[in-house]
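Report on the following structure.
The analysis underlying the following values was restricted to heavy atoms, covering all of them including side chains, and did not include hydrogens, waters or symmetry mates. The sequence lines fix the lettering, A, B, ..., with proteins before strands; numbering per chain opens at 1. Note that this is a predicted model, so its numbers are computed, not measured.
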There are 2 protein chains.
Amino acid sequence: MTAISKAEDTRQRVLDVAARQFRDRGYAGVSLRDIADEAGLKAGSLYYHFRSKDEIVATVLDIGIALVHEAVERAVAALPQGPSPERLLTTAIRQHLQAFLAYSDYTSANVRIFGQLPPEVRRANLPARQRYEALWDAIIDRARAAGTVRNSVDTATFRLFLLGAMNASLEWFDPARGDVDRLARRYADLALHGLLGRPEA
Amino acid sequence: MTAISKAEDTRQRVLDVAARQFRDRGYAGVSLRDIADEAGLKAGSLYYHFRSKDEIVATVLDIGIALVHEAVERAVAALPQGPSPERLLTTAIRQHLQAFLAYSDYTSANVRIFGQLPPEVRRANLPARQRYEALWDAIIDRARAAGTVRNSVDTATFRLFLLGAMNASLEWFDPARGDVDRLARRYADLALHGLLGRPEA
DNA sequence: GCAGTCATCTAACAAACGTTAGATAGATTT
DNA sequence: AAATCTATCTAACGTTTGTTAGATGACTGC
């Protein structure tokens, strides 16, 4: 049995509760007493684990990005050499959606409340965001190198378009009632071929 | 000169200020004193114009949806008879993005803070949301009737995909520095033909 | 010039906020 | 058994919250 200290256990429970409450009611809409209540301790005790409310939300943000980043990076690295653009992007899309929706309390902090946080908190998490964007740009450019990507499509534009579409699934998709894999197949198909398929001349 | 009552003028100013502050700091992160300060009156005076803070945010939500709904509906109705799917969807996408970004303080309330609002406020605005979704489904189905839409693509899935991608532009696109029309052309191209264009057999 | 409506103000309310200091009980180490 | 460390609690702090009641001065219609 691995020795998990009581503090670490409590800390994790606090973060889980905080992430879910931030998602539902926003950063300012959740008080430390709300979090403490549901995590089974008193508001003052939170300060044994975190220096401030800002530090709690910053930790939630970091965890959310890290989980998705690792999942996508690992899956793409595990592909056989020289995958087709379809295979490469379908894999990245599936992994993003799976991780994103599996840890949706944490990831939704990044989507829903990032823009409402104190500037210092935002600033601290920007590097992690930019690294994840860079990962996607690299994936898209790798697909482009295989030759079948349309030249008229800009990498950053496509990345913003695709991540926007995927991240919005947080607002309506319920993994308990729908099949994430099927969603991923449909979104990959749309991202790669669009509503119509072949463009006109 | 049309006689705009002083009350109506103040009311509009309050809504403008409230929308922008909600966007930046969330619903609970903005106090009535914050709004009153920037609108040039005292917190208590807000109650001459609105019954509660909830009513202010509900009004902001309504305005945001109504502006975009009307813009898209009007532009689609003004198209010549029997437009091609490309023309129809490109027009709808352009209008959505133009209105969405032009009134971004109001529309971002719908995207950013809707999920964090008290359930009664959410419930009151659901019908307007559903009507806008129905408008898009009608547009997509009309394109489908023209025959060139791929059968494998589901209407609701495409609508969620596309609206998600477009609405995310709120988080990064600055109309003062970029060309909304160009963004619309690129997004329409991606939505219709994807990254690759023609799907494989 | 008077009455009434309009739009705003001041001042207060109880409740809730993030945060801190110091006490406390159980576990671990000496 | 004593001393230390760990994790939590209680109780309070000053500030801010949404909201209300009643006063106030400026316009409007007569």
[X] has an atom [atom1]; how far is it from atom [atom2] of [N], in whole Å?
X: A:Ile56; N: C:dC17; atom1: CD1; atom2: C1'; result: 14 Å
X: B:Asp54; N: D:dT17; atom1: CG; atom2: P; result: 16 Å
X: A:Gln21; N: C:dC17; atom1: CD; atom2: C1'; result: 15 Å
X: B:Leu117; N: D:dG18; atom1: CG; atom2: P; result: 14 Å
X: A:Phe50; N: C:dG18; atom1: CZ; atom2: P; result: 15 Å
X: A:Lys53; N: C:dT19; atom1: NZ; atom2: P; result: 8 Å
X: A:Asp37; N: C:dG18; atom1: CG; atom2: P; result: 12 Å

Contact letters for nucleotides 23-28 of chain D, in which S counts primed atoms plus P, OP1 and OP2 and B counts the base, heavy atoms under 4.0 Å:
------
Give the B/S/- string for nucleotides 3-15 of chain D, one per nucleotide from 5' to 3', where a protein heavy atom under 4.0 Å of the base yields B, of only the sugar-phosphate yields S, and otherwise -.
---SBBBB-B---
Which residues pass the ring-ring contact (aromatic ring centres under 6.0 Å, His included) test with B:Phe158, sequence neighbours left out?
none
So, using ring-ring contact (aromatic ring centres under 6.0 Å, His included) as the criterion, who are the partners of A:Tyr187 when residues are at least two apart?
B:Phe161
Residues in contact with DNA chain C, drawn from residues 23-32 of chain A - heavy-atom cutoff 4.0 Å
A:Val30, A:Ser31, A:Leu32
Which residues pass the salt bridge (charged side-chain N to carboxylate O under 4.0 Å, His left out) test with A:Arg177, not counting sequence neighbours?
A:Asp174
Salt bridge (charged side-chain N to carboxylate O under 4.0 Å, His left out) partners for B:Arg142, two or more places apart
none
Kindly write out the residues that satisfy side-chain hydrogen bond (donor to acceptor under 3.5 Å, both in side chains) with [X], not counting sequence neighbours, or none if the list is empty.
X: B:Tyr132; answer: B:His96, B:Trp136
X: B:Arg144; answer: B:Thr155
X: A:Arg20; answer: A:Glu38

Scan for ring-ring contact (aromatic ring centres under 6.0 Å, His included) pairs involving residues 25-60 of chain A, sequence neighbours excluded, and state none if there are none.
A:Phe22-A:Tyr27
Is the CZ atom of B:Phe173 crowded by more than 12 outside heavy atoms at less than 6.0 Å?
yes
Please step through side chain to side chain donor-acceptor pair (under 3.5 Å) for the pair B:Thr107 and B:Asn110, ending with a clear verdict.
CA-CA 5 Å; B:Thr107 54; B:Asn110 283 281; over 6 Å; no
Hey, can you pull the donor-acceptor pairs under 3.5 Å for the side chains in residues 56-65 of chain B, sequence neighbours left out?
unit_1, atom_1, unit_2, atom_2, d
B:Thr59, OG1, B:Glu55, O, 2.7
B:Asp62, OD1, B:Asn125, ND2, 2.5

